[in-house]
Amino acid sequence: MSIWEYANPVKFIRTTDRLMPYLAIGSVVCLVSGLVWGFFFTPDDYRQGSTVKIIYLHVPAALMAINAWMMMLVASLIWIVRRHHVSALAARAAAPIGAVMTVIALATGAIWGQPMWGTWWVWDPRLTSFLILFLFYLGYIALWEAIENDDTAADLTSILCLVGSVFALLSRYAVLFWNQGLHQGASLSMDKEEHVADVFSNPLYVSIAGFVLLFIALVFLRTQTEIRARRARALIARERLS
């Protein structure tokens with residue numbers, strides 16, 4: 001069995017139909033467990049107080065905002081190389097989800113940053129690159145909507161995705177290229193000095209798992225919707241010609 005078999009829309013829909021209930025249940029269990037555990041059963045931080053608990057929304061959303069774009073990059077490259085329509089539609093389906101994750105990350109970052117920094121926003125390298133990534137999400141979505149021919153739209157949005165990937169990587173690794181700025185270091189790190197204490201990281205891992213499962217379930221659902229919408233447009237066009 002080859003992975004490319006799932007480029008067949010019918011097989012993709014049948015397979016994801018079987019997987020989505022498990023993904024949905026898993027995401028709900030992980031999200032509820034992680035957030036309740038994190039918000040109500042972890043202590044306040046000795047420096048940041050209860051504000052630190054925003055980490056259980058901010059970090060998973062930020063990770064998914066970046067990784068959603070990277071998933072779109074892989075799907076776009078598959079479209080460019082192999083011309084599989086499901087991959088292009090999966091990239092299109094992931095864009096609004098990634099945009100929402102970016103908004104959540106920016107909003108929770110501002111709420112977290114205000115009491116810590118004394119301001120809602122600073123032109124910090126990581127924050128600025130994240131804002132630019134959000135604008136790329138909006139541009140990607142708008143480009144799909146502006147072009148009627150699906151194949152042409154897939155070609156142009158794939159190119160845009162390649163360019164935007166630079167800012168997706170900068171959002172993650174900006175601190176390696178410029179001064180740290182006000183934004184703190186990575187919450188989850190191989191460096192024991194930077195890595196948050198286990199009492200905070202364990203529920204954080206559960207929340208991240210919930211966000212990942214939710215993202216996959218939503219991408220499957222939206223990709224199915226895109227496939228059916230594309231099929232409906234093709235049928236309408238065929239009826240008009242006949």
Look at the side chain of N67 and the backbone N and O of M70, then say whether any donor-acceptor pair between them is shorter than 3.5 Å.
no
What side chain to side chain donor-acceptor pair (under 3.5 Å) pairs are there with at least one residue in residues 19-41, not counting sequence neighbours?
none
Are the side chains of S158 and L77 in contact, using a 4.5 Å heavy-atom criterion?
no
Where at least one partner belongs to residues 203-221, residue pairs that pass salt bridge (charged side-chain N to carboxylate O under 4.0 Å, His left out), sequence neighbours excluded
none
Between CZ on residue F39 and CD1 on residue I55, distance to nearest 0.5 Å
10.5 Å
Any donor-acceptor pair under 3.5 Å linking the side chain of T225 with the backbone of L221?
yes
For F215, all residues meeting ring-ring contact (aromatic ring centres under 6.0 Å, His included), sequence neighbours excluded
none
Can you get from I111 to L106 by hopping between Ile, Leu, Val, Met, Phe, Trp and Tyr side chains that sit under 4.5 Å apart?
yes
Pairs involving residues 53-76, ordered by first then second residue, that meet salt bridge (charged side-chain N to carboxylate O under 4.0 Å, His left out) (sequence neighbours left out):
D44-K53
Point-to-point distance, once rounded to the nearest 0.5 Å, from OG1 of T42 to OH of Y56
4.0 Å
Do the non-hydrogen side-chain atoms of F220 and D17 ever get within less than 4.5 Å of each other?
no
side-chain contact (heavy atoms from CB on, under 4.5 Å) filter on L160, not counting sequence neighbours, yields F136, Y140, L143
Is it possible for you to say whether W112 and L131 belong to one hydrophobic cluster, with membership spreading through side-chain heavy-atom contacts below 4.5 Å?
yes
Of all pairs that satisfy side chain to side chain donor-acceptor pair (under 3.5 Å), the ones with a partner from residues 95-106, not counting sequence neighbours
none
Residues two or more places apart in sequence or in another chain: which of them pass side-chain contact (heavy atoms from CB on, under 4.5 Å) with V10?
N8, R14, R231
Do I208 and F41 belong to the same hydrophobic cluster, where Ile, Leu, Val, Met, Phe, Trp and Tyr are linked whenever their side-chain heavy atoms lie under 4.5 Å apart, directly or via other members?
yes
Show the nearest heavy-atom pair for residues L127 and V122, with the distance to one decimal.
CD2-O, 3.7 Å
Compare every heavy atom of R222 with every heavy atom of P96, then report the nearest pair and how far apart it is.
CG-NH2, 3.3 Å
Calculate, to the nearest 0.5 Å, the distance between atoms CG and CD1 belonging to L133 and I66 respectively.
7.0 Å
List in chain and number order the residues that pass side-chain contact (heavy atoms from CB on, under 4.5 Å) with A24, two or more places apart in sequence or in another chain; answer none if no residue qualifies.
none
Ring pair (Phe, Tyr, Trp, His ring centres under 6.0 Å) contacts in which one or both residues fall within residues 84-106, not counting sequence neighbours
W4-H84, W79-H85
Separation between OG1 of T16 and CD of Q224, rounded to the nearest 0.5 Å
3.5 Å
Under the salt bridge (charged side-chain N to carboxylate O under 4.0 Å, His left out) definition, can you give me all pairs with a residue in residues 96-115, not counting sequence neighbours?
none
Please identify each residue that fulfils ring-ring contact (aromatic ring centres under 6.0 Å, His included) with Y137, with sequence neighbours left out.
W69
If you take all heavy atoms of A217 and L23, which pair is closest and at what distance?
CB-CB, 3.9 Å
Could you go through the side-chain contact (heavy atoms from CB on, under 4.5 Å) check for C30 and L213 one step at a time?
CA-CA 9 Å; C30 289; L213 293 174; 4.2 Å; yes
Answer yes if I54 and W121 sit in the same cluster of Ile, Leu, Val, Met, Phe, Trp and Tyr residues linked by side chain heavy atoms under 4.5 Å apart, and no otherwise.
yes
Kindly give the heavy-atom pair with the smallest separation between A91 and M72, and that separation in Å.
O-CG, 3.6 Å
Less than 4.5 Å apart, side chain to side chain, heavy atoms only: is that true for I80 and L162?
yes
Closest heavy-atom pair, L31 versus S207, reported as atoms and distance to 0.1 Å, is CD2-O, 4.0 Å
Determine which pairs satisfy salt bridge (charged side-chain N to carboxylate O under 4.0 Å, His left out) with at least one residue from residues 75-99, sequence neighbours left out, and list them in order.
R83-D155, R92-E145, R92-E226
Could you state the interatomic distance from OG1 (T152) to CD1 (I147), rounded to the nearest 0.5 Å?
7.0 Å
Ignoring hydrogens, what is the shortest heavy-atom contact between F130 and A105? Give both atom names and the distance.
CE2-CB, 3.7 Å
Pairwise distance CD1(I13) to CZ(R18) - rounded to 0.5 angstrom:
12.5 Å
Any side-chain heavy-atom pair of L63 and M101 under 4.5 Å
no
